[in-house]
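Below is one structure, written out as structure tokens; comments come after it.
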Protein chains: 2
Amino acid sequence: MTGCTEIRGNEGWAAEMATIRDVARAAGVSIATVSATLNGTKNVSEELRKRVLDAVGHVGYAPNGIAQSLKRGTTRLLGLILPDITNPYFAALARAAESAASARGYTVLLCNTDEDAAKESEYLRLMKTQRVAGLILALTESAPEYTAGLVEMIAVPVVLVDRVAPGAPWDSVASLNADGARRAVTHLIERGHRRIGGVFGRDSVSPIQERLAGYRTALEAASLSFDPGLVRLGCRDSEAARKAAQALLNLPDRPTAFFTSNNQVMLGVLQAVRNHGLACPADVSITGFDGLSWAEVMNPPMTTVEQPAAMIGDQAVELLLRRLEGAADEPRHVRFPTEFLVRGSSAKPPPRLAQVVAGAGRRPAKPS
Amino acid sequence: MTGCTEIRGNEGWAAEMATIRDVARAAGVSIATVSATLNGTKNVSEELRKRVLDAVGHVGYAPNGIAQSLKRGTTRLLGLILPDITNPYFAALARAAESAASARGYTVLLCNTDEDAAKESEYLRLMKTQRVAGLILALTESAPEYTAGLVEMIAVPVVLVDRVAPGAPWDSVASLNADGARRAVTHLIERGHRRIGGVFGRDSVSPIQERLAGYRTALEAASLSFDPGLVRLGCRDSEAARKAAQALLNLPDRPTAFFTSNNQVMLGVLQAVRNHGLACPADVSITGFDGLSWAEVMNPPMTTVEQPAAMIGDQAVELLLRRLEGAADEPRHVRFPTEFLVRGSSAKPPPRLAQVVAGAGRRPAKPS
DNA sequence: GCTTCCAAGCGAAACGTTTCGCTATGGCGA
DNA sequence: TCGCCATAGCGAAACGTTTCGCTTGGAAGC
């Protein structure tokens with residue numbers, strides 16, 4: 001019984017699906033009429049409509065979306081290309097995007113690039129053969145010379161999320177990263193910090209570039225000079241961030257606070273601080289970025305800049321559907337403000353270090 | 001310029017894609033030959049192969065997957081239906097599944113049911129019209145009378161993840177939930193707890209049922225009686241869990257520890273404990289479930305049962321592809337062991353309460 | 001009673017592939 | 001030299017829809 005009756009394995013599974021022909025036959029009408037009835041594209045007598053609908057239920061018909069897409073020359077598929085769905089920020093973005101898409105009758109194809117340009121290009125090829133109607137894309141690379149190549153290979157509407165690309169003819173949705181970073185660093189300065197380390201992720205994408213700019217802006221606004229020795233770029237994961245922070249902590253005149261550019265980096269920095277025998281926030285203050293519910297239950301609860309991930313995902317779909325409905329005006333660039341949440345990980349610097357800094361710095365820090 | 005030149009808005013975007021005809025014309029061969037060349041289904045002279053490949057590059061041809069699917073009668077699409085991608089456990093599962101699928105040439109359609117059976121059924125209908133080749137499904141409901149209905153409406157191979165369905169003719173992949181819960185509760189008992197509250201999520205799905213069973217098993221193994229008054233089922237979110245835990249804490253003989261059935265619930269319980277003016281683990285111990293990297297940086301670091309989410313996602317795809325390749329043997333039910341990580345959130349009960357418990361309980365607890 | 005018109009329904013082409021069966025070409029053995 | 005076979009390449013049908021334009025029949029207008 002377990003091997004003899006099964007001539008072809010698949011037969012039991014892939015039940016022969018009913019086609020529009022079967023419906024037509026069952027209802028005693030032509031297939032054109034069934035199509036017209038189901039799509040409401042033509043007037044059909046009430047009696048016939050009922051007969052068709054009955055037949056549909058009877059034969060268990062579900063329209064073949066593949067055939068529809070082929071004939072109509074368009075699909076109801078949206079590509080969603082993200083670095084990593086495991087990152088809570090992108091998960092929230094994806095969730096909102098999927099929800100908005102599905103509410104409008106679209107289905108989402110999920111892709112994780114892992115920040116790898118080769119994977120990204122492979123996925124783009126795949127999306128092309130799948131003939132997705134549009135694309136929501138978080139680039140692995142913001143440089144114009146990179147995106148220019150993509151522009152000509154993508155033939156459908158695109159909305160960029162998180163990472164923007166100057167010059168690309170696409171809509172984009174992102175946070176006001178520079179402002180978020182500026183607020184976090186300003187907060188640290190107001191708490192009395194003068195030497196503020198900056199540990200950043202891959203700086204080939206715009207959010208990191210913007211957060212770095214915000215970091216500098218805050219320093220400038222407080223008439224503090226920007227010390228490149230205090231900044232580490234390109235930390236791909238928390239391990240890299242840990243090492244970077246470790247190096248900064250070994251500096252003779254070590255930072256009393258860290259601005260970190262995302263959650264992974266924040267974790268690495270926190271680890272480095274602890275490995276160094278220091279406590280947060282007693283010895284070193286830290287601010288995070290991205291925001292997610294866990295930051296507030298951490299030890300200590302983390303001061304972070306929160307991004308409205310769900311709004312970004314939702315808005316991206318909104319813009320994409322506008323294009324799909326034919327809008328051909330100038331690219332729109334939507335920017336949402338971040339929220340800055342002060343929690344336990346940022347405090348005053350320890351008095352003795354504040355002294356040292358005051359002694360060593362160019363501008364003596366007023367004890368606040 | 002902004003309104004007159006644009007006769008049809010879409011025209012600029014949806015560039016007229018090259019078809020196999022264009023390639024054939026450019027290479028000076030028939031479309032049958034182009035197809036044979038590209039798919040390697042027939043011998044083609046080396047010279048011609050080169051000419052065809054050149055033509056492909058020249059006209060920028062990408063095969064129309066829609067037409068291929070229609071003709072071949074099968075797609076390379078996999079449906080992934082999960083409660084909520086925002087849950088780190090499901091995010092990790094989805095990530096692994098997508099990765100495995102894409103490595104084998106499949107694309108993943110993402111759906112979030114939000115634990116809503118109506119949405120689930122809507123998504124199933126959608127997957128059916130999209131003609132997905134197979135389905136990875138985390139049910140909203142494990143009851144046989146519910147799943148029986150689904151079995152007959154789904155005509156493609158299915159692999160259940162996380163939630164299993166007794167009686168359904170489908171493969172499944174999940175954790176050994178009962179064992180994980182048993183270990184966590186046993187750990188609490190060994191620490192000296194006698195009144196252990198249980199706060200659980202929706203008990204209409206198998207993992208929660210199994211974790212409840214594990215909770216009871218651990219009590220029985222320690223000759224502790226199961227007190228239904230100490231258990232709360234059906235906490236859909238952390239707010240519900242908070243209320244449930246609050247009620248338990250108001251009991252005259254309150255629990256000294258909580259077993260929680262997932263991370264959301266754990267968060268709510270932790271909140272309730274704090275709102276009650278108690279400290280974890282000094283006054284109340286807590287164990288979590290699901291596991292995710294943030295548990296270890298929480299305050300306190302949480303003792304949790306970790307599920308191998310990535311392995312589950314990976315294995316699900318593995319099983320699904322087996323079926324797609326024709327395997328028709330008995331349904332396979334894969335179960336992975338959990339990992340139990342003891343961290344800071346579980347400690348001995350405070351001495352005075354251990355006293356009270358000893359006085360009130362049926363079996364005096366030996367001070368360990 | 002004839003024409004005209006309209007609505008309802010139908011037949012067939014087309015979307016871009018794959019694949020089956022056919023033709024043509026050339027090499028080889030007898 | 002002839003016939004045969006293998007092989008490269010081709011033509012056309014088919015997958016399940018949508019849609020255009022046609023037919024049909026009955027009601028309305030004269």
Side-chain angles (χ1 to χ4, degrees), chain A residues 10 14-53 55-56 59-77 105 128-133 155, chain B residues 10 14-53 55-56 59-77 126 128-133 155:
Chain A
N10 255 356
E16 25 335 273
M17 298 230 193
T19 74
I20 200 173
R21 289 194 116 76
D22 301 319
V23 177
R25 199 171 315 133
V29 297
S30 75
I31 63 172
T33 305
V34 176
S35 175
T37 308
L38 261 26
N39 297 316
T41 48
K42 260 193 161 184
N43 271 358
V44 173
S45 73
E46 194 48 40
E47 180 263 341
L48 217 162
R49 138 169 289 110
K50 208 155 275 169
R51 226 165 66 207
V52 169
L53 262 27
V56 166
V59 304
Y61 172 71
N64 185 329
I66 302 297
Q68 290 181 318
S69 292
L70 178 60
K71 181 65 218 190
R72 291 177 177 158
T74 169
T75 65
R76 304 282 278 180
L77 258 27
K128 185 173 180 182
T129 94
Q130 295 287 0
R131 296 295 196 265
V132 294
Chain B
N10 255 358
E16 33 325 280
M17 298 230 193
T19 75
I20 200 173
R21 288 195 117 76
D22 301 318
V23 177
R25 199 172 312 131
V29 296
S30 76
I31 63 172
T33 304
V34 176
S35 175
T37 308
L38 261 26
N39 296 316
T41 47
K42 259 192 164 184
N43 271 358
V44 174
S45 71
E46 194 46 40
E47 179 264 340
L48 216 161
R49 139 169 289 110
K50 208 154 276 168
R51 225 165 69 207
V52 169
L53 262 30
V56 165
V59 304
Y61 172 70
N64 185 328
I66 301 299
Q68 290 181 318
S69 292
L70 178 60
K71 181 64 219 193
R72 291 178 177 155
T74 170
T75 65
R76 304 282 278 180
L77 258 28
L126 194 60
K128 185 172 180 181
T129 95
Q130 295 288 359
R131 296 295 196 266
V132 294

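Each chain gets a letter, A, B and so on, in the order its sequence line appears, and its residues count up from 1. FYI, side chains are in, hydrogens and waters are out, and symmetry mates aren't considered; it's all heavy atoms of this structure.
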Do any side-chain atoms of residues 40-47 of chain A form donor-acceptor pairs under 3.5 angstrom with protein atoms, and if so which ones, sequence neighbours left out?
from    : atom 1 : to      : atom 2 : distance (Å)
A:Ser45 : OG     : A:Leu48 : N      : 3.3
A:Glu47 : OE2    : A:Arg51 : NH1    : 3.0

**OP:** Give a yes/no answer on whether the side chain of B:Asn43 brings an N or O atom under 4.0 Å of OP1 or OP2 in D:dT7.
**Re:** no
Original post:
So which of residues 26-39 of chain A are in contact with DNA chain D, with a heavy-atom cut-off of under 4.0 Å?
Top reply: A:Ile31, A:Ala32, A:Ser35, A:Asn39
**OP:** Check the pair B:Thr37 / B:Val34 against side chain to side chain contact (heavy atoms under 4.5 Å, CB included), numbers first and verdict last.
**Re:** CA-CA 5 Å; B:Thr37 308; B:Val34 176; 5.6 Å; no
Original post:
End-to-end bend of the helix from C:dG1-D:dC30 to C:dA30-D:dT1 (five-pair axes, 10° rounding)?
Top reply: 50°
**OP:** Please assess B:Gln68 against B:Arg76 for the test side chain to side chain contact (heavy atoms under 4.5 Å, CB included), listing each intermediate value before the final yes or no.
**Re:** CA-CA 10 Å; B:Gln68 290 181 318; B:Arg76 304 282 278 180; over 6 Å; no
**OP:** Under the side chain to side chain contact (heavy atoms under 4.5 Å, CB included) rule, what do A:Ile66 and B:Thr129 come out as? Steps first, then yes or no, please.
**Re:** CA-CA 8 Å; A:Ile66 302 297; B:Thr129 95; over 6 Å; no
**OP:** Could you pull out the closest heavy-atom pair between B:Gly60 and B:Ala18, with the gap in Å?
**Re:** O-CB, 4.3 Å
**OP:** Identify, with sequence neighbours excluded, every residue that meets side-chain hydrogen bond (donor to acceptor under 3.5 Å, both in side chains) alongside A:Arg131.
**Re:** none
**OP:** Check salt bridge (charged side-chain N to carboxylate O under 4.0 Å, His left out) between B:Arg21 and all other residues, then give those that pass, not counting sequence neighbours.
**Re:** none
**OP:** Could you pick out which residue, B:Leu48 or A:Tyr61, lies toward the 5' side of DNA chain D when each is mapped onto its nearest nucleotide?
**Re:** B:Leu48
Subject >> A:Arg49 CZ to A:Leu38 CG distance, which is reported to the nearest 0.5 Å >> reply: 9.0 Å
**OP:** Enter the distance from A:Asp22:CG to A:Ile31:CD1 here, rounded to the nearest 0.5 Å.
**Re:** 11.0 Å
Subject >> Residue of the set A:Asn64, A:Leu77, A:Thr75 for which side-chain contact (heavy atoms from CB on, under 4.5 Å) holds with B:Gln130 >> reply: A:Leu77
Original post:
Reading DNA chain C 5' to 3', which nucleotide is the first, and which the last, to come under 4.0 Å of any heavy atom in chain B?
Top reply: C:dG16 to C:dG21
